[in-house]
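Just follow the structure's listing: the first ligand is 1, and inside any ligand the first atom is 1. Values below: every heavy atom of this structure, side chains too, minus hydrogens, waters and symmetry copies. Throughout, numbering of the chain's residues begins at 1 and tracks the sequence.
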Amino acid sequence: MNAGDLPAIRSSHADGSRIIVALDFADAARALAFVDRIEPGSCRMKIGKELFTAAGPRVVAEVRKRGFDVFLDLKFHDIPSTVANACSAAMQLGVWMVNVHALGGREMLSAARRAVPPGTVRLIAVTLLTSLGRDDLTEVGLDGDPQGVVERLARMVKDCGLDGVVCSAREAPGLRRALARDFCLVTPGVRPAGTAPDEQKRVVTPREAIANGADYLVIGRPITQAADPGSVLQQINDDIAGVVG
Ligand code: C5P
């Protein structure tokens with residue numbers, strides 16, 4: 001598939017749901033049994049390392065066939081040519097969004113952008129994994145306040161022409177102030193009020209995340225493990241409709 005065959009990115013997120021459901025399942029059968037219960041248009045789907053390693057490109061095709069946009073969350077981090085080729089391969093799968101790791105550096109980010117031209121697949125970057133605390137950062141030689149490191153990396157990501165970053169909803173207000181409104185912020189760690197945090201340490205509600213400036217919310221278990229996932233999705237979509245970020 002050529003870049004020209006893909007739909008152009010519209011300037012806002014008005015083109016569909018702002019919820020991205022994390023399909024963290026061990027195999028395609030379980031993932032698709034869940035997807036078959038969900039109405040296309042009520043969310044997009046994220047396929048990460050676990051499901052993609054187990055089930056490969058076919059599961060991406062199956063989810064797309066059912067009418068869902070797919071965010072391929074493989075956080076590419078390698079030498080520039082390898083990442084560029086991996087991004088091209090992701091584009092061939094017809095995914096809606098793909099990501100790389102900002103710590104791969106400027107040259108790698110720019111190579112990824114050249115492989116996935118603006119206006120085709122949304123290309124975003126992970127700045128720092130939220131599982132890393134200040135001591136972990138110091139140990140790997142990244143001194144300084146994590147929020148400052150995240151902002152510095154996010155500026156580099158934007159400078160290389162990428163469409164946005166994955167960040168925690170708590171980092172979103174600072175990034176929103178520092179970067180333009182059209183820079184896309186995708187936030188995990190979201191929990192509807194009253195649901196279990198699982199192992200997420202600092203959670204925010206969907207409304208808080210949107211009010212903090214998030215464009216898209218990544219939500220997994222509160223939806224995938226729900227008895228009636230469709231109604232949980234409906235509630236969250238209703239809850240965030242009209243919230244201004
Ligand atoms: O089930 P839950 O809502 O916690 O799933 C969150 C999803 O977001 C998982 O796929 C997880 O890998 C991903 N994620 C995260 N925290 C980050 C980056 C990604 O929870 N900092």
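With respect to atom 12 (O) of ligand 1, the closest heavy atom belonging to the protein is K46 NZ, 4.2 Å. Of the protein's non-hydrogen atoms, Q200 NE2, 2.8 Å is the one closest to atom 20 (O) of ligand 1. Residue, atom and distance of the protein heavy atom nearest to atom 2 (P) of ligand 1 are R191 NH2, 3.3 Å. Nearest protein neighbour of atom 18 (C) of ligand 1, counting heavy atoms only, is P188 CG, 3.6 Å. With respect to atom 9 (C) of ligand 1, the closest heavy atom belonging to the protein is D24 OD2, 3.2 Å.
The contact set between ligand 1 and I219, taken as ligand atoms under 4.0 Å from a residue heavy atom, comprises 3 (O). For ligand 1, the atoms lying closer than 4.0 Å to a non-hydrogen atom of R221 are 1 (O), 2 (P), 3 (O), 4 (O). Every atom of ligand 1 with a heavy atom of V218 under 4.0 Å away is listed here by number and element: 7 (C), 8 (O). Per-residue contacts place T130 under 4.0 angstrom from the following atoms of ligand 1 (heavy atoms of the residue considered): 16 (N), 17 (C), 21 (N). Near A22, meaning under 4.0 Å from one of its heavy atoms, ligand 1 places the atoms 7 (C), 10 (O).
Residues D69 and R64 are not paired through a salt bridge, judged by the lack of any N-O separation under 4.0 Å between the basic side chain and the carboxylate. Salt bridge status for R134 with D136: absent, with no side-chain N to carboxylate O gap under 4.0 Å. Salt bridge annotation for R181-D215: present, with a cationic side-chain nitrogen under 4.0 angstrom from a carboxylate oxygen.
Of the residues listed (T82, V83, N99), the one engaging F76 in a side chain to side chain contact (heavy atoms under 4.5 Å, CB included) is V83, and it is the only one.
In terms of modelled atom types and a separation under 3.5 Å, the side chain of R66 and the main chain of E62 share a donor-acceptor contact.
Side chains of E208 and N212: no donor on one and acceptor on the other come within 3.5 Å.
Going from atom NZ of K49 over to atom CG of D24 covers 12.0 Å, rounded to the nearest 0.5 Å.
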- Task: Report the C-alpha separation of N237 and S17 in whole Å, then their side-chain angles, then the decisive distance to 0.1 Å, and conclude whether the side chain to side chain donor-acceptor pair (under 3.5 Å) test is met.
- Result: CA-CA 7 Å; N237 275 318; S17 174; 3.0 Å; yes
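At a 3.5 angstrom cut-off on N or O pairs, G220 counts as close to ligand 1.
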